Each structure stands twice: as C-alpha cells, then as structure tokens.
Amino acid sequence: MPLARDVAEEVAKQYGVCIQPIPLKRLDTHTGVWEIVDVPCGATLEAKCPPCAKRNRHLRMAQCREGWHLDQEPAITPDEPNEEQRWLVEFRADVQAQRDAADQAGQDTTDLDELIVGLDEEINAAGMRGNVLGRTLPKRNRSTRRRQDAPELPKRKMINSTLGRTFTSSDGKVYRPSLFVTLTLPSYGKVKDGVPVEPDTYDYARAARDALHFSKLVDRFVQNLRRVAGYDVQYFAAVEPQKRLAPHLHMAIRGTLPRAEIKQIAAATYHQVWWPAADKVVFGGNHLPVWEDGTGYLDPSTGEVLPTWDQALDQLDVDETAEPLHVIRFGVQVDVQGVLAGTPDADQCVRYLSKYLTKSLSDSLDPDHQARRDHAARLAEALRYEPCSPACSNWLRYGVQPKGAKPGMAPGQCRGKAHKPEHLGYAGRRVLVSRKWSNKTLAEHKQDRRTWVLEALGQTDQPTDPHRYVWKPVPAGDANLAPLALRLLRSVAERQRWRAHMARLQAEAGDQDPSASEGRAA
Ligand SMILES: [Zn+2]
Ligand SMILES: [Zn+2]
C-alpha cells in the first residue's frame with residue numbers, strides 16, 4: 001500500500017518522527033519479554049531521514065555552543081557504555097559475523113566492510129574510544145626519510161591546558177576570545193559561478209586528489225596549530241562544499257592566536273601522500289590483471305605476479321628518487337575571525353557551522369544548471385580511476401595489488417564512498433570535534449535532552465541497569481514486524497500524547513522556557 005505509506009511518512013515528518021526507523025528485537029531480562037523496538041535512524045549511522053537529520057543538527061549546535069568558550073578544563077572520564085552504545089557494539093558484532101560468513105563463501109564483502117567502518121566511527125562518536133574488537137592494525141615502520149617534516153614555524157612552550165588566554169579590560173571585565181577560521185583548497189583554474197571558465201585546463205586531477213586527502217591536511221593543520229599555540233587547542237569543525245565543489249573547512253577554535261600566525265600556519269601546512277605512483281596506466285581496457293587463487297593478481301600477458309600493497313610500499317621506501325604521489329596544501333584564502341563568547345557573532349558562527357550538516361556535498365547542484373552538472377560529472381570522472389585508499393581496486397590499473405586483494409576486483413569499480421557523485425572525493429566525517437571540546441559526547445548531549453524531557457514530565461530518569469536489555473536484529477520477513485506505515489503512525493500517536501502532556505505542564509507552570517519548544521526537545 002504505497003499510498004498509505006506516503007501519507008504516514010508525511011505525517012511523521014510533520015511530527016519530527018524518524019521515517020526510516022531500524023526495528024530491533026529487545027529482550028527485557030527483568031520481565032523475560034521480547035519486544036520489537038524502533039530505533040530512529042539518526043541514533044545509529046549518520047541520519048538518513050530528514051527529521052533525524054534536523055534533530056542531529058540541533059544536537060550538534062548544542063555541542064558546538066557548549067565547548068567553544070569553556071572556562072574550565074573539561075573532565076574527560078570514560079563512562080559505562082549506555083544502551084545505545086551497547087546496541088551499536090552488538091549490531092557491529094552481528095555485521096562482522098555476516099561479513100566473515102560472506103567472505104568464507106567467496107562473496108563480495110565491500111558493502112559490509114563499509115558498514116563496519118561506519119559503525120566503528122559511530123561507536124567512537126558515541127563516546128567509546130578505540131576499536132570494539134580491541135584490535136589495532138599493525139603500523140608500518142616507514143623509513144625516516146619518508147616522515148613528514150614539521151614545517152618551520154614558531155613554537156611556544158606547551159602547557160597542559162585546553163583553554164585559551166583571557167584578557168582583562170580596564171574596568172576589570174574578563175574576556176575569553178576565540179576564533180572562527182575558514183580554510184580552502186588552492187585554485188585549479190579560474191571559476192565563474194562555481195563553473196570553470198576553461199574546463200579543458202581546469203586541474204581536475206589535482207582537485208580529485210586534494211578532495212581525497214583533505215582530512216589528512218586538516219589533521220596536520222591541527223598538529224601545527226597546537227605546536228604554535230603552546231596549548232592543547234580544541235576545535236569543532238564542519239567540512240562543507242564550496243560552489244566549485246571543492247571541500248572547505250569552517251572551524252571554531254577555543255582560545256585565540258594572532259591572525260597572522262593562523263595564516264602562517266595554514267601556509268606552512270602540507271601533507272605528503274606516500275603511495276605508489278598512479279600516473280601511468282599499466283593495465284586498462286580489456287588488458288586487466290587476472291586473479292589466481294593462492295597467488296593473487298597476475299599480469300595477463302607475462303603471468304608475472306603484481307607487487308602486493310606492502311611490497312609496493314617497500315619499493316617506495318628504498319627508492320632514493322621516489323616522490324610522494326601527492327602533496328596537498330591549503331589555498332591562499334584563509335579567513336580568520338575573532339569571536340567573543342555569548343555574542344550574536346558567536347551564535348551566527350554556530351548556525352553557520354551546522355548549516356550544511358544535513359546536505360551531501362553535491363546537494364548544492366541545481367538540476368537546471370547544465371554547466372554545473374557538467375562540472376560535477378568531470379570531477380566524478382577524474383575520481384573514477386583515482387585510488388581512494390590502499391584497498392581501492394583502482395590500484396590494479398597502476399600495476400599494484402590492492403591491500404587485501406581478492407577475486408573480482410577491477411579498476412573503475414571500487415565501491416568506496418569517495419568515488420560516488422554525492423561525495424565527490426571527500427568520504428570523511430562532515431563534523432570534526434576534538435576529544436576535549438566539551439565535557440560531553442554527542443550521546444551525552446542526547447541524554448541531557450532526555451533527562452530534561454523526563455523531568456518536565458515529572459518522572460525521574462533512573463539509570464537503567466546496563467545489562468537489562470539484550471538486543472538482536474529483526475530477521476528479514478519476521479511476522480511480528482508491523483508494516484512501516486503502521487509503525488510510523490504509532491510513533492506519531494506517541495509524539496502527540498507527549499506534546500499534549502508538555503503543553504499541559506507548560507500551561508500549569510506558566511513557564512515560557514524557550515527550550516521547551518518542539519523541535520528542540522524531541
Ligand atoms: Zn530517521
Ligand atoms: Zn576506491
């Protein structure tokens with residue numbers, strides 16, 4: 001009944017109810033009852049539906065506001081995992097089992113691998129540190145020659161603090177200034193209205209590689225920033241698309257530095273990508289490496305085994321003349337703005353930082369603007385054969401076996417996020433928050449709001465026994481799972497009851513707390 005479902009979706013959207021809930025079986029060990037519970041999509045992986053995306057945006061804004069002008073060191077204490085985290089871990093274990101089974105059966109595991117990476121990120125974002133399986137990948141020992149040099153920059157003595165300096169005015173008032181910094185990538189050719197003036201000479205190859213490695217450059221910038229600042233600088237940043245479709249970065253920084261120093265740091269920051277060369281096509285068209293069980297990929301004409309990923313890196317290490325595959329730097333456009341706590345300026349920056357969180361990089365594309373769509377298509381084409389990671393199947397094109405090579409790989413068919421038109425090379429997180437930004441993880445911000453709601457409802461938020469519930473995925477075709485339309489309407493009914501209750505409470509208290517408005521407290 002597609003019609004009923006559309007209507008239910010529309011109603012759910014109006015009430016801010018998740019329209020793509022994930023059903024889960026939950027055993028209450030206190031009562032022995034199994035029940036199907038809908039978890040909002042926004043609670044787990046990146047929000048997929050508009051109501052969850054909106055809700056997450058408000059959470060992010062709260063998180064950003066809270067950390068920016070902290071005047072006391074945040075206390076970072078690992079917490080007992082909460083229910084959401086436990087669910088994520090168990091779900092991850094289940095996906096891992098599926099993945100291993102698929103792998104053993106010789107099936108493609110790309111999607112499941114991607115899901116696992118996403119889940120690990122979510123688990124970390126939910127406030128648990130490290131890898132769930134407690135397994136850290138062995139780090140390669142790169143020859144010292146390949147180490148990234150720290151650029152020549154002034155250095156202050158490190159103090160053990162995450163707070164910036166304060167300034168006291170003549171009337172004794174203490175100011176805590178912070179920064180809002182915008183960093184962009186270099187020019188790849190002249191653009192007008194987001195479109196290259198001369199597409200033929202626009203450097204798409206460089207634009208593609210810069211987008212792929214952008215997050216590494218941001219990491220380097222933060223490292224250098226901390227060195228120069230002399231304290232443990234904290235940041236809340238958002239990666240957003242520019243009109244020309246290159247990613248750029250807005251960053252709220254706690255504390256302040258002279259503008260000239262920020263510009264100096266941006267200018268001196270670079271990242272070298274020490275990957276094998278990928279400029280000469282070795283295998284293309286129908287002339288592609290062939291897989292041999294127990295051996296790996298072979299040259300189709302000579303039968304020679306292609307170097308594995310590790311062998312290729314070893315070769316790179318001993319080659320005195322080797323150059324990095326790519327060196328990425330910021331462009332000359334660096335915007336630095338001083339911001340004071342509690343000012344309209346600060347508020348505007350917070351809104352700005354969360355503006356694009358609900359959109360994908362390519363969302364700004366106007367479907368009627370042919371020139372811009374052509375531009376996006378050319379960039380996607382440049383990304384098609386560009387290796388996105390050590391495991392990318394595109395390495396076969398350049399004569400190297402991808403890391404973890406398996407049968408069925410072919411250049412141009414990597415399913416990594418970075419190649420997809422909606423990502424345009426940047427597959428990293430859209431929000432980057434340093435560990436000591438605020439006292440709270442995003443999960444704790446959610447918990448805050450829940451506590452507030454329960455208090456408003458006159459209930460206490462008793463901590464639940466962490467071992468009370470057991471979660472399981474709902475198997476496909478489970479007869480106990482109601483149709484989506486029905487589940488959505490149930491959630492809406494619940495939300496309506498809750499709203500009515502809130503309205504009554506507010507009327508009774510005569511309380512006009514603005515935070516009680518719908519949309520924020522959901
Ligand atoms: Zn949702
Ligand atoms: Zn790839």
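Whatever order the structure lists them in is the order used to number ligands and atoms, beginning at 1. Since the structure is predicted, the reported quantities are computational estimates derived from the model, not experimental observations. Each residue takes its place number in the sequence, starting with 1.
Heavy-atom contacts from other residues, nucleotides or ligands closer than 6.0 Å to NZ of Lys406 number more than 12. Within a 6.0 Å sphere centred on CD of Glu304, other residues, nucleotides and ligands contribute 12 heavy atoms or fewer.
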Donor-acceptor contacts, no H, no angles, side chain residues 377-385, under 3.5 Å, sequence neighbours left out:
residue, atom, partner, partner atom, Å
Arg378, NE, Tyr204, OH, 2.8
Arg378, NH2, Tyr204, OH, 3.3

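Here the angle centred on the Zn ion (ligand 1), running from SG of Cys52 over to SG of Cys49, is 100°, rounded to 10°.
By the 30° and 60° cut-offs, the orientation of the rings of His287 relative to Phe283 is tilted.
In terms of the ring-ring contact (aromatic ring centres under 6.0 Å, His included) criterion, Phe214 has no residue partners (sequence neighbours excluded).
Residue pairs that meet the salt bridge (Lys or Arg N to Asp or Glu O under 4.0 Å) test with at least one member in residues 474-487, sequence neighbours left out, are Asp38-Arg487.
Under 2.8 Å from the Zn ion (ligand 2), one finds the following protein N/O/S atoms: Cys388 SG, Cys392 SG, Cys414 SG, His419 NE2.
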